[in-house]
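First up is the structure itself, then whatever we jot down about it.
Position 1 is the first residue of the sequence, and the numbers go up from there. When reading the values below, keep in mind they use all heavy atoms of this one structure, side chains included, and skip hydrogens, waters and symmetry mates.
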Amino acid sequence: MCGILAVLGCSDSSQAKRVRVLELSRRLKHRGPDWSGLHQYGDCYLAHQRLAIVDPASGDQPLFNEDKTIAVTVNGEIYNHEELRKQLPNHTFRTGSDCDVIAHLYEEHGENFVDMLDGIFSFVLLDTRDNSFIVARDAIGVTSLYIGWGLDGSVWISSELKGLNDDCEHFESFPPGHLYSSKEREFRRWYNPPWFSEAIPSAPYDPLALRHAFEKAVIKRLMTDVPFGVLLSGGLDSSLVAAVTARYLEGTNAAKQWGTKLHSFCVGLEGAPDLKAAREVADYIGTVHHEFHYTVQDGIDAIEDVIYHIETYDVTTIRASIPMFLMSRKIKSLGVKWVISGEGADEIFGGYLYFHKAPNKEEFHQETCRKIKALHKYDCLRANKSTFAWGLEARVPFLDKEFIKVAMNIDPEYKMIKKEEGRIEKWVMRRAFDDEEHPYLPKHILYRQKEQFSDGVGYGWIDGLKGHAEKHVTDRMMLNAANIFPFNTPTTKEAYYYRMIFERFFPQNSARLSVPGGPSVACSTAKAVEWDAAWSNNLDPSGRAALGVHASAYGNQVKAVEPEKIIPKMEVSPLGVAI
């Protein structure tokens, strides 16, 4: 993984331009502290800042084909690179890097090879034979990527906004699952799964098939030549990730190099719900657990740094990014270079508490589709940038292409929340891992109610942020909000406060247009707000805004919820996964 920056067709091959590209590349140095490089071919520049994880000794970039006519700078992990190498018997590879296959696949298949890659990636490929280039981003947008255009006819590519915002006339987020070709000068979608059309699937629920697909997604991500760990909040998603990793770590190449003891990490305010649950899970699955505490003031002090790094003014993203940012620094200080995390499950399975109010399976499924399509603007952005701020990579097995294919093909009737039948949010995942003979998790953790990360780190966290904003944004300022910020006008003092900071770092109109907006309750899309008339008066991204659903909803006195029904024992067959 790394930070990439490319300037293509700028009609300037001077030393001054090279110095400028190097200067901008250094803005991404936090993403790749292990090595930096710049390849120039005429008026095209490929720069990178490398975080070395696979083949740290020889995998520096750019990566080339045999005669160096094709150069690639890439931020990513290609999990099936060994299989792809076998399909390229007539090619000679210069490194052991998993990304070394990209240039050779292009030689064999032209621009139509991207869907062959199983992994997460953003790359720029320069073909010096005809001075053409292609740019591509992974299916869901796990890696961050932006594209910009200069007045001189140049095209700019950067892993982060800060690499190009000062030099482009217009820039925007590079769409996930797309390819940009200099020959066509337009985007083309390479990722076209059935769920993208939002047609309602009808496949029956097969708990074992779902379980096996997830286990495979986790196992393939244990590709590493450096130390790693797992983020463990004690919620369902991260607990399943940790439990599967711990169960199948032994026998992998990762275990041969770094041992079979998995390290887990959690962050929260003193007394936070996540801390207690995470400790229990860690004890149960046998990880070496690291618990980090922070105070509300610690978080407030980090707000400006976080907004600079994550490049958004979205309230829920900032709330959740701050504790993740603080935790990532601690993790990196221990010598760990990447972690496995649980992002994506709530979008795929309707795990957010507002899904309790979905009126039917059609709207339930369509909302999950909308949420997955928008992940690159929210949770993927947070997980990528708040960790990479300290040179730490996050891998997300729930967003594995094959796993999504299985999960999104299930008839959404099975995903619907039906409390009278004991079916709480993400019931299909809970049942899939409810193994009486070889349990993955304690039963009450497996059926723990959804906590959004910004809530689970401590309920006082969001209240503290709101209180801080109240001190810096006056009622008079809010009266003029629509005139000061006509696009995505902030409707709360907290949102106004974050917007002021963002605009100071990124004052361009393209920057403010790159951030999503619209009404939301408990992380819903604007469309789902229509499911409950009461929500329109309680628009807040916290899970506690789901009135009548969250056990600790604003105004509720209830402190805990137990699953209403224990799921019957499920027969289990051996996994049969090659490790």
Side-chain angles (χ1 to χ4, degrees), residues 1-8 15-40 44-63 71-77 97 99 120-124 135 142-148 156-168 171 174 225-227 302 304-312 321 324-339 381-394 502 504-506 511:
M1 299 290 281
C2 67
I4 64 173
L5 175 69
V7 184
L8 304 150
Q15 179 64 21
K17 188 66 173 183
R18 184 181 178 92
V19 169
R20 177 57 177 166
V21 174
L22 283 169
E23 177 187 345
L24 294 172
S25 178
R26 282 193 287 272
R27 294 185 182 181
L28 309 179
K29 195 171 184 178
H30 52 276
R31 297 184 65 91
D34 298 332
W35 188 257
S36 61
L38 173 62
H39 175 69
Q40 180 181 355
C44 294
Y45 302 81
L46 303 182
H48 77 282
Q49 302 285 343
R50 187 185 183 207
L51 177 66
I53 290 178
V54 176
D55 189 22
S58 66
D60 295 333
Q61 298 185 28
L63 299 166
V72 179
T73 185
V74 55
N75 170 32
E77 304 286 351
S97 168
C99 296
I120 55 173
F121 52 82
S122 298
F123 68 80
V124 180
V135 186
V142 175
T143 60
S144 60
L145 194 67
Y146 295 85
I147 184 170
W156 293 62
I157 304 294
S158 178
S159 293
E160 295 187 4
L161 210 58
K162 60 184 67 68
L164 51 71
N165 66 303
D166 288 333
D167 290 71
C168 292
F171 51 88
F174 194 100
D225 292 322
V226 297
E304 293 204 9
D305 285 342
V306 168
I307 292 175
Y308 173 75
H309 278 288
I310 66 173
E311 304 173 324
T312 187
S321 291
M324 197 169 193
F325 173 87
L326 297 173
M327 176 172 57
S328 295
R329 187 176 193 178
K330 292 280 192 179
I331 293 172
K332 188 61 184 289
S333 72
L334 297 174
V336 172
K337 297 184 79 168
W338 66 271
V339 290
L381 180 147
R382 167 182 55 79
N384 182 278
K385 293 182 181 178
S386 60
T387 55
F388 263 113
W390 302 107
L392 182 73
E393 176 195 336
F502 177 89
R504 179 155 34 92
F505 289 132
F506 309 105

Can you tell me how far the [atom1] atom of [X] sits from the [atom2] atom of [Y], to the nearest 0.5 Å?
X      : Y      : atom1 : atom2 : answer
Tyr45  : Arg20  : OH    : CZ    : 13.0 Å
Leu145 : Ile4   : CG    : CD1   : 5.5 Å
Ile307 : Thr312 : CD1   : OG1   : 8.5 Å
Phe502 : Ile310 : CZ    : CD1   : 9.5 Å
Ile157 : Phe174 : CD1   : CZ    : 6.0 Å
Leu28  : Ser159 : CG    : OG    : 6.0 Å

Quiz item: Is a salt bridge present between Arg329 and Asp305, judged by a nitrogen-to-oxygen distance below 4.0 Å?
Solution: no
Quiz item: Between Glu23 and Arg26, is there a side-chain N and carboxylate O pair less than 4.0 Å apart?
Solution: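 Salt bridge: no.
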Self-check item: Main-chain N/O of Leu22 paired with Ser25 side-chain donor or acceptor, under 3.5 Å
Solution: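 Checked: no pair found.
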Quiz prompt | N/O donor-acceptor pair under 3.5 Å between Thr387 side chain and Leu392 backbone | solution = yes
For [X] against [Y], the heavy-atom pair lying closest together:
X      : Y      : value
Ser321 : Arg382 : OG-CG, 3.2 Å
Lys332 : Gly391 : NZ-O, 2.9 Å
Leu46  : Pro62  : O-CG, 4.4 Å
Lys385 : His309 : CD-O, 3.4 Å
Tyr146 : Glu160 : CD1-C, 3.6 Å
Val74  : Phe121 : CG2-CB, 4.5 Å

Quiz prompt | Heavy atoms of other groups near Lys330 NZ, more than 12 under 6.0 Å | solution =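 Check fails, neighbour count at 12 or below.
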Practice problem: Could you go through the side-chain contact (heavy atoms from CB on, under 4.5 Å) check for Asp167 and Leu24 one step at a time? | Solution: CA-CA 9 Å; Asp167 290 71; Leu24 294 172; 3.7 Å; yes
Taking the side chain as every heavy atom from C-beta outward, state whether [X] and [Y] have any atom pair closer than 4.5 Å.
X      : Y      : result
Leu51  : Phe388 : yes
Cys99  : Leu63  : yes
Leu38  : Arg18  : yes
Val339 : Met327 : no
Arg31  : Asn75  : yes

Quiz item: Where do Lys17 and Val7 land on the side-chain contact (heavy atoms from CB on, under 4.5 Å) test, with the steps shown first?
Solution: CA-CA 10 Å; Lys17 188 66 173 183; Val7 184; 4.3 Å; yes
Self-check item: Quiz item: cation-pi between Lys162 and Tyr308, 6.0 Å / 45°
Solution: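 Ring-cation test returns yes.
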Practice problem: State whether a side-chain donor-acceptor pair under 3.5 Å links Asn384 with Ser144. | Solution: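 There is such a pair between these side chains.
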